[in-house]
Amino acid sequence: MSTITHFIVQADDVERAKKFYAELFDWKIEKFPGPIDYYAITTTAENGEEGLDGGLVKREEPQDTIVNYVDVPSVDEHIVKVEKLGGKVVVPKMAIPGIGYAAVCIDTENNTFGLWECDEDAKMKQCESCGMPLDEKTTSKFDDRYCIHCQDQQSGELATKEQVREGSIKSAMQFMGKTREEAEKIADEMMPELPR
């Protein structure tokens, strides 16, 4: 039987939320390694045993709320079931490298929930030019190894390494609210060593 395995707390102000939950429930909240702003939450039951773990992230949309993730043997199979039963998939299956796969859905009563499949071999398909995740919206129509930002969708010409880096920096500043210095660090950490 499937059970809730993880939760994600959305926050307008991550530092304020960290302080609130750490002081209210004595939760341990630590930055997850890597360039993404994700904080792991460790909970402990009253008897001292490990509790349900979760995460804390910056809210991207005003309607984003706490999402509970249900452990399933196959995200793909459960996505089909969700839609067959009248629900909707709002965030398609995505890989969390080395950990598993997730998707976010809405049930028939407009409640949001997540599906989670453990898989240590999970790999995220990434653009071979900039390292950004690829999905059906961001994959180039010319070559599925690249994203739409690294391969011109009119000519099929690839951007130079410098153009890719600058585009990544601008995106991090615009969409993640990072300073130029923070965005440069993220771009340099995420971009693979390009042969060209």
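Quick note: residue numbers are just sequence positions, from 1.
Between V14 and R59 there is no side-chain heavy-atom pair separated by less than 4.5 Å. The closest side-chain heavy-atom distance from E77 to L115 is not below 4.5 Å.
Follow the hydrophobic side-chain contacts under 4.5 Å out from I8 and you reach I106 in the same cluster. V75 and V91 end up in different hydrophobic clusters when Ile, Leu, Val, Met, Phe, Trp and Tyr side chains are linked at under 4.5 Å. V57 and I99 fall within the same hydrophobic cluster, where Ile, Leu, Val, Met, Phe, Trp and Tyr residues are linked whenever their side-chain heavy atoms come under 4.5 Å apart, directly or through other members. Criterion: ILVMFWY side-chain heavy atoms under 4.5 Å apart, direct or through other members. Under it, V104 and L85 are not part of a common hydrophobic cluster. Placement of F25 and I4 within a single hydrophobic cluster is found when ILVMFWY residues are connected by side-chain heavy-atom separations under 4.5 Å, directly or transitively.
Between the CD atom in E50 and the OG1 atom in T44 there is a gap of 7.5 Å [rounded to 0.5 Å]. Within the model, atoms CG of D144 and SG of C127 stand 10.5 Å from one another, a figure rounded to the nearest 0.5 Å. To the nearest 0.5 angstrom, E30 atom CD is 6.5 Å from T42 atom OG1. To the nearest 0.5 Å, the span separating CD on E117 from CD1 on I96 amounts to 11.5 Å. To the nearest 0.5 Å, atom OH of residue Y21 and atom CG of residue D26 are 15.0 Å apart. Interatomic distance, R16 CZ to K19 NZ, rounded to the nearest 0.5 Å: 11.5 Å.
Taking the six-membered ring where tryptophan is involved, the planes of H6 and Y38 are essentially parallel, since the angle between them stays under 30° and well short of 60°.
Legend: residues meeting ring-ring contact (aromatic ring centres under 6.0 Å, His included) with F142, ordered by chain and number and at least two apart, are absent. Scanning for side-chain contact (heavy atoms from CB on, under 4.5 Å) contacts around Q63 gives E61, with sequence neighbours left out. By the side-chain contact (heavy atoms from CB on, under 4.5 Å) test, E15 is found to be paired with D13, K18, Y39, residues two or more places apart in sequence or in another chain being considered. Applying the side-chain contact (heavy atoms from CB on, under 4.5 Å) criterion to Q163, with sequence neighbours excluded, gives A159, T160.
Between the side chain of T43 and the main chain of L52, a donor-acceptor pair closer than 3.5 Å is present. When atom types are taken as modelled, the side chain of D143 and the backbone of Y146 share no donor-acceptor pair closer than 3.5 angstrom.
Within a 6.0 Å radius of CD in E157, no more than 12 heavy atoms belonging to other residues, nucleotides or ligands are found.
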request  = Apply side-chain contact (heavy atoms from CB on, under 4.5 Å) to S2 and D71, showing your working.
outcome  = CA-CA 6 Å; S2 297; D71 189 32; 5.7 Å; no
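Within the structure, salt bridge (charged side-chain N to carboxylate O under 4.0 Å, His left out) contacts touching residues 80-101 (residues at least two apart or in different chains) are D76-K93. Under the ring-ring contact (aromatic ring centres under 6.0 Å, His included) criterion, no residue pair touches residues 89-120, with sequence neighbours excluded.
The minimum heavy-atom distance between L56 and A11, with the atom names listed, is CD1-CB, 3.9 Å. Nearest heavy atom pair, residue A103 against residue Y69, reads O-CE2, 3.9 Å. Among all heavy-atom pairs drawn from P73 and H78, the shortest one is CD-CE1, 3.9 Å.
No hydrogens or angles considered: a donor-acceptor pair under 3.5 Å links the side chains of Q153 and S140.
For E184 and R180, the salt-bridge test passes: some basic side-chain N is under 4.0 Å from an acidic carboxylate O.
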